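In this text the structure is predicted, and so the values were computed from the model without any measurement.
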Amino acid sequence: MGSHQRKLTPADPLKLWVSQIVGHANETGDEFDPMALVAFVVDRALDELTLDPVTTAVLPSPLELGEQDPPPGGWSNPWLPGLVHEQAVSASVRRDRGAWYTPPELVRGLVRLVGGVVPMPSFAVDPTCGGGAFLLAVLDHRVEHGESPAEALKRIGGLDIDVDAVTVCRLSLALWAAVHGVTVDADTLADTVRVADALTVEYPADWPDGRLVIGNPPFATPLKSARSGGLPAAAEAYRLAHRNELGQYADLAALHLHRAVETAAEGGPVMLIMPQSVLSSRDVAGLRARIASTSTTAAIWAAREAVFDAGVRACAPVIVAGMRSVARVTLATGPRVEIVGRIAHGRSGVDDWAATAARSLGAPTLPSPVLAPASTLGDLCTATAGFRDEYYGLVAAAAEWEGSGPPPNRLVTVGSIDPLATRWHTGTTRLGGRRWTAPYIRLDRLDDKVRRWVERQAVPKLVVATQSKLIEPVLDADGMLVPSTPLLSVHAVEDDLAHVAAVLLAPPVVAMAWQRWFGSALAVDALKLAARQLAELPVPVDRQAWDAAADVITTAVSDNPDGLTIEEGWGAAIEVAALMNSAYRADSGVFDWWFERIPHRNAPVSSSRHR
């Protein structure tokens, strides 16, 4: 199956050992069957246990790898077959399936989180069980809380469409039973874990209602083809049947969440790992609205780091079906699922998952003028952005300015914008696959449509960069800047531009935007702001402080007709941010949070000077 090597997490000794054993398998020369490597591990486990757990598995002959050092925890570690199978299957196959190994530490932590915020139901189901990680963690949790292993085994069920994954899951459960001195027969294992698509079948009648639904469903987006990780045909049919709640680009994981919530009985908890994009994606807005109106969120976990090999940032809400009262939402984060706080419902100002997940990663409490503003930026300005036609038109017409006088215009990108300053001619930026220092647009090379768009931008305006930790506006007083997609152009009465820029630099506004649209940006700490969303940002209540902040911007721009340096821009931006923090009646903690998000190379002074 080609190379099966993986990028390692050095702190995970079991995963390191598995990678080494996969490397040995690759050295056998021929393309090997991952299930043959699983068979090798199971053989060693049977030798170690000196008994034979009964399974329904029909495994190929074990790989001939000779003597190998035992893994951490021994050959009979029930988690081992699942990890070996995941590592042995090529990365391309895993990407196509959208399925990735879930680290045991994370799985155990999420099970503990569920058990800590809601009563643990008598039965647990993983609808996409893979190698059985969540089922193993539930078994361990039940035994730790006084249940007998034999009884615990009767209280779990799993489904998966992958026949090999179901086989591996059954093997893992058989090993767990053997380690705990329980004999489990083949029929029991076959009833416990079944080959089925959770989106298209009903749960077995003997799986009781009120169950916990828990797991890590596959991530896949319809933006890709079915062959490269998009929605399978059955999943797309399910989405179409629920199109009012699942938009065209809803992730496959969101479909499984929809199914779990739809079939949950009153009081039944659901905890499925999701890509963070599900928190704010427009294509899942209907699902989020349904859950908000029919269920309660008891906890949410979000990770700043990538906890899967896929590199996708993940989250997991704990949802209780029905409108049961949960006074506070538990916040957890990190690969160990550490509880970092509890907040009342609605305390984040936007009573939804995105804001709550952002709070778990340190977003500050918002002041009331942000939560309930008297007016918004939409009353002062309009915002637009170019699309694909404009982007490719600008790329085709771009050239490097080498003249001695001023250029006819200045082409800027997200990479060349800092607060109140640009890196045009003082740094490099990337556009159309190459580096530029002083790019400009040759207007005679534009088609009529793009030329008209560029001409509309040739007025005093703000150019705003998003997809960064802060909102970064620059005041284009002479209308010289041509913004490349996805930069925003903000138009207003000229005297209002500095006031709009001050709002965009306000720490409480940045905090609100990150919380409200958390999960939509490319990086977990970045915020992505669309033109329509910019219009929703609140304006402050303290007009005097707002005017003072706008005066700082106006003075800085007028005193530097050739443009502010990056250092001057950041210095003015920090001064504006301090004034605007007061304008929104926010405490110093909000300003400190904003200040800490400044790239270190651009932070000229400590935050205490500006409080």
Distance-only side-chain donor-acceptor flag, Thr188 / Asp191, under 3.5 Å: no

Answer yes when Arg155 and Glu151 have at least one side-chain N-carboxylate O distance shorter than 4.0 Å, and no when they do not. yes

Asn216 and Thr102: side-chain donor and acceptor closer than 3.5 Å? yes

When you look at Glu105 and Arg112, which way does the salt bridge (Lys or Arg N to Asp or Glu O under 4.0 Å) test go after all the steps? CA-CA 11 Å; Glu105 184 178 59; Arg112 285 196 306 272; over 6 Å; no

Heavy-atom pair with the smallest gap, counting every atom of Ala178 and Leu49: CB-CD1, 3.8 Å

Between Arg142 and Asp140, is the closest basic N to carboxylate O distance under 4.0 Å? no

In terms of side-chain heavy atoms, does Glu147 have a donor or acceptor partner in His141 at a distance below 3.5 Å? no

Residue Glu305 excluded, over 12 heavy atoms near CD under 6.0 Å: yes

Check whether NZ of the Lys or CZ of the Arg Arg597 lies under 6.0 Å from the centre of the six-membered ring of Trp514 and within 45 degrees of that ring's axis. yes

When rounded to the nearest 0.5 angstrom, what distance separates CG in Leu175 from CH2 in Trp79? 13.0 Å

May I ask you to decide if the ring planes of Trp75 and Phe40 are parallel, tilted or perpendicular, using 30° and 60° as cut-offs? perpendicular

Stepwise side chain to side chain contact (heavy atoms under 4.5 Å, CB included) check, Val193 with Cys129: CA-CA 8 Å; Val193 185; Cys129 61; 3.8 Å; yes

With a 3.5 Å cut-off and no angle check, do the side chains of Trp353 and Thr297 form a donor-acceptor pair? yes

Mind running side chain to side chain contact (heavy atoms under 4.5 Å, CB included) on Asp206 and Phe123 for me, showing each step along the way? CA-CA 10 Å; Asp206 56 342; Phe123 198 84; over 6 Å; no

Tested for side chain to side chain contact (heavy atoms under 4.5 Å, CB included) against Thr192, the lone hit among Leu135, Ile156, Val184, Leu153 is Ile156

Does Thr356 form a side chain to side chain contact (heavy atoms under 4.5 Å, CB included) with Phe518? I'd like the steps, not just the answer. CA-CA 9 Å; Thr356 308; Phe518 178 82; over 6 Å; no

Where is the tightest heavy-atom contact between Ala253 and Ile273, given as atom of each residue plus distance? CB-O, 4.4 Å

With side chain to side chain contact (heavy atoms under 4.5 Å, CB included) as the test, would you mind laying out the steps for Gln87 and Lys15 before giving the verdict? CA-CA 9 Å; Gln87 293 280 295; Lys15 194 171 182 182; 3.5 Å; yes

Does the Arg304 side chain pair with the main chain of Leu361, one donor and one acceptor, at a distance under 3.5 Å? yes

Ignoring hydrogens and angles, state whether a donor on the side chain of Thr365 or Arg359 is under 3.5 Å from an acceptor on the partner side chain. yes

